[in-house]
S.K.: 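After the structure tokens below, expect a handful of questions from me.
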Amino acid sequence: MKYNLAIIGGGPAGYVAAERAGDKALSVVIFEKNELGGVCLNEGCIPTKTLLYSAKVYDTSKTSEKYGVSNANTSFDIKAIMKRKDKVVKKLVGGVGAKMKHAKANVVKEAAVLTSRNADGVHISAGGEDYLAENVMICTGSEAFIPPIPGLDIKSDIILTNREILALNELPDSLVIIGGGVIGMEFASFYNSFGAKVTVIEMLDKILGEMDAELSAMLQDIYQKRGVEIHLLAKVVEVKGNKVLFEKDGKITEVEAEKILVSVGRRPVTKGLGLENLGVELFKGGIKVDEQMRTNVPNIYAAGDVTGFSLLAHTAYREAEVVVNNLTGRKDIMRYKAIPSVVYTNPEFSGVGHTEKSAKAAGIDFKIAQLPMAYAGRFIAENEGGSGLCKVLVGAKYGEVLGVHMLGNPSSELIYGASMAIENELSIKELEELVFPHPTVSEIFRETIFSVK
Ligand code: NAI
């Protein structure tokens, strides 16, 4: 049989494409050599957020007396926390399987290789069988980048990536994290909550890369006060067993820990797919695509982390939908200006659109307003002693929202409102006329809009 769409990779891009294509009555085959759900579901977004929720419950329980609730018996069981994480992952992986059935997609649990593109279609080999498809979508995701640091041996059971750390069933006494990006700070948060000594070594002058600088510094301060040691402008030069040696201001410092997490970024997975058999072009290590997610080869599309562009599951969803929409007659293009980023620390840190740095770099004339999260009554009610900030950037001439950045809970649930404003180029005048539910923390967005001068 000839499929309308063959999907290589069953992560967020792949399974959403299969679901949407099924809805549109396309015949679909989806190849996945591991579990459905990809990194996000099996060793990324979902397991980490499940663990971080346990940490949040524990943090809240430890401080519950601030809310008039006794906490005499607060304790935790790391094995039970890990077991719950496994249960959540299993349930959701099962859910993706059910969605594939609903979409009538043929799930092939094998590694797929593109073999040729002929007049009859694209040929794919998997598990010794030949499959034929009209169109192919490549969504093989990304893997942890291991930098060439002397002594950093990924085979050692001391050195972990996001994958191995999720399989730890014991709490390490101490953890050194190489790279203070999203993965690094989320695991720093988890292990700090449960009492491990955490040290973060970050090469740049700030944690969390492109996130708003002021709010990143506030979050850094919060974690340092909780005992996380954070070294900025620090370059790891060597690893010797349990010891990490880093250079800062020309001086070498050594930190020792039971485990070492490497979280210095991820790289697209493009090897072993037979891309060379079809002449699929790469760009900066990822598969090169246009705004419709088309590669340079007709009928071959790519979506998700494999494009190396925006390594986020929610970007992957939308990119996959762009592919399916174009295949089924709805003209659609991928836009990146309103994709939210969330760091699930406690407090959560969320942002969308321009930061001050990116707006300045783009030569945009903008105004800025900011308010403490505590300006929202609900925030005070639920965050005893909590601090945080909401920052809004608007265009100086038309007052359109350019960027929104929030540090505070539950900003991960609020930021989509700002994404809608940015995507639709809503102005502060239009937003001022919107009614927000009261009392909610979301009102901070409205209040900050009113404070733009
Ligand atoms: P990242 O790019 O967020 O951060 C890596 C950090 O490591 C950077 O700050 C970089 O300066 C630093 N670094 C690089 N080499 C270094 C070295 N030799 N020594 C010290 N520091 C060094 O990458 P991360 O945290 O590995 O995450 C990978 C991807 O996964 C990201 O693109 C992120 O978007 C995604 N992700 C998203 C999450 C979310 O949306 N909440 C959660 C986890 C991951």
Side-chain angles (χ1 to χ4, degrees), residues 11-12 38-53 141-152 154 159-166 176-190 199-211 213 216-217 219-220 229-239 244-248 252-253 255 260-269 284-286 304-317 336 339-352 410-413 415-416 419:
V39 169
C40 171
L41 232 160
N42 293 286
E43 52 197 56
C45 329
I46 296 297
T48 53
K49 267 78 259 183
T50 309
L51 294 181
L52 285 163
Y53 189 71
S142 63
E143 61 193 2
F145 171 63
I146 308 299
I149 295 171
L152 186 66
I154 195 63
I159 314 285
L160 314 168
T161 68
N162 62 292
R163 173 184 292 167
E164 296 80 32
I165 200 168
L166 285 169
V176 169
I177 299 177
I178 306 178
V182 196
I183 294 183
M185 287 313 296
E186 289 186 353
F187 279 109
S189 177
F190 178 77
T199 307
V200 177
I201 304 172
E202 168 55 52
M203 208 163 66
L204 301 178
D205 62 354
K206 73 180 281 297
I207 57 167
L208 298 170
E210 298 302 315
M211 299 289 284
S216 299
L219 188 68
Q220 179 183 334
E229 212 176 285
I230 301 178
H231 300 275
L232 299 181
L233 295 168
K235 190 167 177 263
V236 175
V237 288
E238 196 176 350
V239 175
V244 177
L245 281 68
F246 67 88
E247 187 193 327
K248 185 177 162 113
I252 303 284
T253 305
V255 250
I260 298 165
L261 172 68
V262 189
S263 50
V264 297
R266 299 181 62 83
R267 293 289 176 272
V269 175
K284 290 187 178 171
D305 286 14
V306 74
T307 63
F309 197 71
S310 162
L311 307 186
L312 294 166
H314 44 278
T315 302
Y317 290 156
Y336 294 92
I339 293 179
S341 298
V342 176
V343 189
Y344 295 83
T345 41
N346 189 14
E348 295 168 350
F349 178 12
S350 312
V352 58
S411 63
S412 64
E413 298 291 350
I415 200 70
Y416 82 96
S419 298

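Whatever order the structure lists them in is the order used to number ligands and atoms, beginning at 1.
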S.K.: If we only count N/O pairs under 3.5 Å, is Pro147 in contact with ligand 1?
M.R.: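 No; the residue has no nitrogen or oxygen that sits under 3.5 Å from a nitrogen or oxygen of the ligand.
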S.K.: Might you work through the side-chain contact (heavy atoms from CB on, under 4.5 Å) test for Leu52 and Glu348, ending with a clear yes or no?
M.R.: CA-CA 11 Å; Leu52 285 163; Glu348 295 168 350; over 6 Å; no
S.K.: Number the atoms of ligand 1 from 1 as they appear, then name those within less than 4.0 Å of a heavy atom of Leu204, with their elements.
M.R.: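 Per the distance check, 11 (O).
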S.K.: Can you sort out which atoms of ligand 1 are near Tyr344, meaning under 4.0 Å from one of its heavy atoms?
M.R.: 41 (N)
S.K.: Under 4.0 Å, heavy atoms only, figure out whether ligand 1 is touched by the backbone of Thr48, its side chain, both or neither.
M.R.: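 It is neither; nothing of Thr48 touches ligand 1.
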S.K.: Are any of the N/O atoms in Ile149 less than 3.5 Å from those in ligand 1?
M.R.: no
S.K.: Let me see the working for Ser189 and Thr345 under side-chain hydrogen bond (donor to acceptor under 3.5 Å, both in side chains), right down to the final yes or no.
M.R.: CA-CA 6 Å; Ser189 177; Thr345 41; 5.8 Å; no
S.K.: Does any N or O atom in Glu202 lie less than 3.5 angstrom from one in ligand 1, N or O only?
M.R.: yes
S.K.: For atom 1 (P) of ligand 1, what's the nearest protein heavy atom and its distance?
M.R.: Gly181 CA, 4.1 Å
S.K.: Does any part of the side chain of Phe187, heavy atoms only, come nearer than 4.5 Å to the side chain of Leu166, both counted from C-beta?
M.R.: yes
S.K.: Heavy-atom pairs closer than 4.0 Å: do any link ligand 1 to the side chain of Lys235, the backbone, both, or neither?
M.R.: neither
S.K.: Among all protein heavy atoms, pick the one closest to atom 7 (O) of ligand 1 and tell me residue, atom and distance.
M.R.: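 Here the nearest protein heavy atom works out to Gly179 CA, 3.3 Å.
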S.K.: Is any side-chain heavy atom of Leu232 closer than 4.5 Å to one of Gln220?
M.R.: yes
S.K.: Are more than 12 heavy atoms, taken from residues, nucleotides or ligands other than Lys248, located less than 6.0 Å from that residue's NZ atom?
M.R.: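 Result for NZ/Lys248: enclosed.
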S.K.: Tell me if a side-chain donor or acceptor on Thr253 pairs with a main-chain N or O of Glu247 at a distance below 3.5 Å.
M.R.: no
S.K.: Would Gly265 count as a contact residue for ligand 1, given that I'm defining contact as a non-hydrogen atom of the residue lying under 4.0 Å from a ligand atom?
M.R.: yes
S.K.: Would you mind finding which of Ile183, Leu52, Leu233 brings a heavy atom closest to atom 43 (C) of ligand 1?
M.R.: Ile183
S.K.: Taking only heavy atoms of Glu186 into account, list the atoms of ligand 1 that are under 4.0 Å away from them.
M.R.: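 Listed by number with element: 41 (N), 42 (C).
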S.K.: Looking only at protein heavy atoms, identify the closest one to atom 13 (N) of ligand 1 and say how far it is in Å.
M.R.: Val264 CG1, 3.8 Å
S.K.: Would you mind reporting whether Val262 and Pro147 have side-chain heavy atoms less than 4.5 Å apart?
M.R.: yes
S.K.: Would Val342 count as being in polar contact with ligand 1, using the rule that some N or O on each side must be under 3.5 angstrom apart?
M.R.: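 The answer is yes, given that Val342 and ligand 1 share an N or O pair closer than 3.5 Å.
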S.K.: Any idea which protein heavy atom is nearest atom 5 (C) of ligand 1, and the distance to it?
M.R.: Ser263 O, 3.5 Å
S.K.: So does Glu43 get a backbone contact from the side chain of Asn162, meaning a donor-acceptor N/O pair under 3.5 Å?
M.R.: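 Such a contact is found between Asn162 side chain and Glu43 backbone.
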S.K.: Should one rank Val182, Ile178, Asn162 by closest heavy-atom distance to atom 3 (O) of ligand 1, which comes out on top?
M.R.: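 Looking at heavy atoms only, the winner is Val182.
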S.K.: Give the single entry among Thr345, Leu311, Asp205 that approaches atom 34 (O) of ligand 1 most closely by any heavy atom.
M.R.: Leu311
S.K.: Quick one: are Val176 and His231 in side-chain contact, heavy atoms under 4.5 Å?
M.R.: no
S.K.: Does atom 31 (C) of ligand 1 have any protein heavy atom closer than 4.0 Å?
M.R.: no
S.K.: For Pro150, is there any backbone N or O sitting under 3.5 Å from a side-chain donor or acceptor partner on Glu238?
M.R.: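 Pair absent, no side-chain N/O of Glu238 close to backbone of Pro150.
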S.K.: At what distance is the nearest protein heavy atom to atom 21 (N) of ligand 1, and which residue and atom is it?
M.R.: Met203 N, 3.2 Å
S.K.: Quick check on contacts: which atoms of ligand 1 are under 4.0 angstrom from a heavy atom of Ile201?
M.R.: 20 (C), 21 (N)
S.K.: Please indicate whether any nitrogen or oxygen in Arg266 is less than 3.5 Å from any nitrogen or oxygen in ligand 1.
M.R.: no
S.K.: Enter the distance from Ile178:CD1 to Leu160:CG here, rounded to the nearest 0.5 Å.
M.R.: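 Answer for the CD1-CG pair, Ile178 versus Leu160, is 10.5 Å.
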S.K.: Is Leu219 close to Pro347 at the side-chain level, that is, under 4.5 Å between some pair of heavy atoms?
M.R.: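 Yes, side chains in contact.
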S.K.: Measuring only between side-chain heavy atoms, which start at C-beta, is Tyr344 closer than 4.5 Å to Thr48?
M.R.: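 They are not in side-chain contact.
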